[in-house]
Amino acid sequence: MTEPRFLHAQWSSRMAFIFAASGSAIGLGNIWKFPYLAGDNGGGAFVLVYLLCVIAIGIPIMIAETLLGRRGRQSPINTMASLAEAAKASPHWRYAGWLGVIAGFLILSYYSVIAGWAMAYILKINSALFAGIDAAGSARLFETFKSTPEYQVIWHSLFMAATIFIVSRGVSGGLERATRYMMPALLLMLLVLDVYAMNSGGFAQGCAFLLEPDFNKITGAGILAAMGQAFFSLGLGMGSIMVYGSYLPAHVSITRSSILVASADTLVALMAGLAIFPLVFANGLSPTMGPGLIFETLPIAFGQLSGGGWFGMLFFTLVFFAAITSSVALIEPAVAWLSENRGLSRSRASLYSGSACWLLGLGTAFSFNIGSELKWFGKTVFELVDLLTAEIMLPLGGVLVALFAGWILSREHSEAELEMKDARHYRIWRILVRYIAPAGVLIVFLDAMGLFGR
Ligand code: PHE
């Protein structure tokens, strides 16, 4: 193998990698997106397909992506290029790296707008407006907020500025330390909300909605949404896990770390779902509320709990932290590439890519108000960017990673990198990345295009 041109610093320990990878995985995808997608796509059947995708497609690809990162030890584009060269494969593999950089970029553009909502709610939620609020009141407040372009731009700008600030300071340090406390705190907070939901009067109905699969309620498009969500939530298929893998010391078990990260990610999503749907049913709301779901339902709980305002502030602060650790991962492949290949300093690389992302994000910020009539194929800018990335680019990027790790990288290399104690485990992983994951993604794509005529 050719020597990598740039040797990165390595993570201080296995735990540091795990926290960083969970930081990338756990974010708005778990708390904001998973519940509303589940709500829009019929609940239980969506959740079941989602879980299957995490296990059969997501985890094997996460292992593959981390492994490629650790072997390549460079930005995703350079990693793909140098590993392809070493394996005497086509240099075109580097386009898989490009696909990831672009996907991360597009995702961050809207991610920042939604994270801005969470930031705004940190301040709003403890105000008199929310005290004792009912469902209609909460919906009204959210609606006003969403349809005011100035608010959207201000919060989007603040969030992007925060991302640029953190990314320009480098990979280790503050962020690594912060996730250590933020993630457990978020989990605890969700637990409290779950307990509140249990007593809300809608718990049985909420659980049934989320956990009892009814396959009549899910369509091909819903199955595609579930698969896309698995990629999105695990943070796969766009190179960020590859970047983190590139900082991972040798001999740390990639398999165990990946399973741990995926389990934590799934747990947070399910806990968020269990907090939200009981509230939906207890308040006579519809689960198909779309992207506003958590912002319309959770404030009802905060408004009615005593001390709920403070509690809500803490909750949205933690959501903000979860979002920022993901946004950093989303922009990292672009920043790593700019600093490796264009010789830019990290701060310049972050500033340029963050600003470009901000500009693009205005499209999403306005898609909830003055630009809501601007549609292609019946979709607003936000919907279009979201579908293009989560449902097409990430699965495609993930499949390319799987194919590369399964077919291009030599067996010796992947076996040496994974160091699995049990040879059977290695064989299972290899079958999953060579056949099952690519075929699974293909079938879901074809099904969504209506090729199986359901
Ligand atoms: N996984 C993050 C979330 O759930 C989003 C993300 C997607 C992060 C892709 C990195 C890469 O919010």
Side-chain angles (χ1 to χ4, degrees), residues 18-38 50 53-54 58-59 61-62 65-66 69 75-76 97 99-118 159 163 166-167 171 175 179 182-183 186-187 190 225-245 258 261-273 291 294 318-336 353 357 361 385-398 401:
I18 289 177
F19 277 113
S22 332
S24 147
I26 299 171
L28 297 174
N30 309 63
I31 297 159
W32 160 74
K33 203 172 187 200
F34 174 81
Y36 94 75
L37 285 181
Y50 173 78
C53 290
V54 167
I59 294 178
I61 292 183
M62 188 176 231
E65 198 172 322
T66 316
S75 73
L99 181 72
V101 168
I102 297 168
F105 214 74
L106 291 173
I107 294 174
L108 183 55
S109 77
Y110 78 77
Y111 204 83
S112 168
V113 175
I114 312 294
W117 294 359
F159 185 82
T163 302
I166 289 174
V167 175
V171 71
L175 197 66
T179 37
M182 296 300 169
M183 294 302 155
L186 183 66
L187 219 63
L190 283 171
M227 182 183 74
Q229 173 63 8
F231 281 94
F232 183 88
S233 188
L234 295 173
L236 290 181
M238 53 132 298
S240 65
I241 291 290
M242 210 182 277
V243 172
Y244 288 159
S258 303
V261 171
S263 311
D265 187 67
T266 307
L267 182 70
V268 172
L270 291 175
M271 283 174 74
I294 72 159
L318 291 170
V319 173
F320 162 73
F321 270 99
I324 203 135
T325 51
S326 298
S327 71
V328 164
L330 284 164
I331 206 171
E332 185 63 36
V335 171
S353 33
C357 225
V385 177
D386 177 28
L387 291 185
L388 179 68
T389 50
E391 299 189 1
I392 299 174
M393 296 176 85
L394 296 185
L396 200 62
V401 163

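When a ligand or atom number is given, it counts from 1 through the structure's own listing order. Note that the structure is a prediction, hence the values are computed from the model and not measured.
Judged purely by atom type and a 3.5 angstrom limit, S24 has no side-chain atom pairing as donor or acceptor with the backbone of A20. In this structure, the side chain of S233 does not engage the main chain of Q229 through any donor-acceptor pair within 3.5 Å.
Near S233, the atoms of ligand 1 lying under 4.0 angstrom from a non-hydrogen atom of the residue are 1 (N), 4 (O). Atoms of ligand 1 found under 4.0 Å from any heavy atom of L28, numbered from 1 in the order shown, are 12 (O). Heavy-atom contacts of G27 reach the following atoms of ligand 1: 3 (C), 4 (O), 12 (O) (cutoff under 4.0 Å). Below 4.0 Å from some heavy atom of S240 lie the following atoms of ligand 1, by number and element: 10 (C), 11 (C).
Residue Y111 places a heavy atom less than 4.0 Å from ligand 1.
Two residues are said to be in side-chain contact when any heavy atoms from C-beta on lie closer than 4.5 Å; M238 and P333 meet this criterion. Counting heavy atoms from C-beta outward, I241 and L234 have side chains that stay 4.5 Å or more apart.
Among all protein heavy atoms, the one lying closest to atom 8 (C) of ligand 1 is S24 O, 3.4 Å. Counting protein heavy atoms only, atom 11 (C) of ligand 1 is closest to M238 SD, 3.3 Å. What sits closest to atom 5 (C) of ligand 1 on the protein, heavy atoms only, is F232 O, 3.6 Å. Looking at atom 4 (O) of ligand 1, its nearest protein heavy atom turns out to be A25 O, 2.9 Å.
Rounding to the nearest 0.5 Å gives a distance of 10.5 Å between OG of S112 and CG of L330. Taking CE from M393 and CG from L387, the interatomic distance works out to 13.0 Å, rounded to the nearest 0.5 Å.
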From CA spacing to verdict: side chain to side chain contact (heavy atoms under 4.5 Å, CB included), L270, F34 | CA-CA 8 Å; L270 291 175; F34 174 81; 4.0 Å; yes

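The shortest N or O to N or O distance between G29 and ligand 1 is under 3.5 Å.
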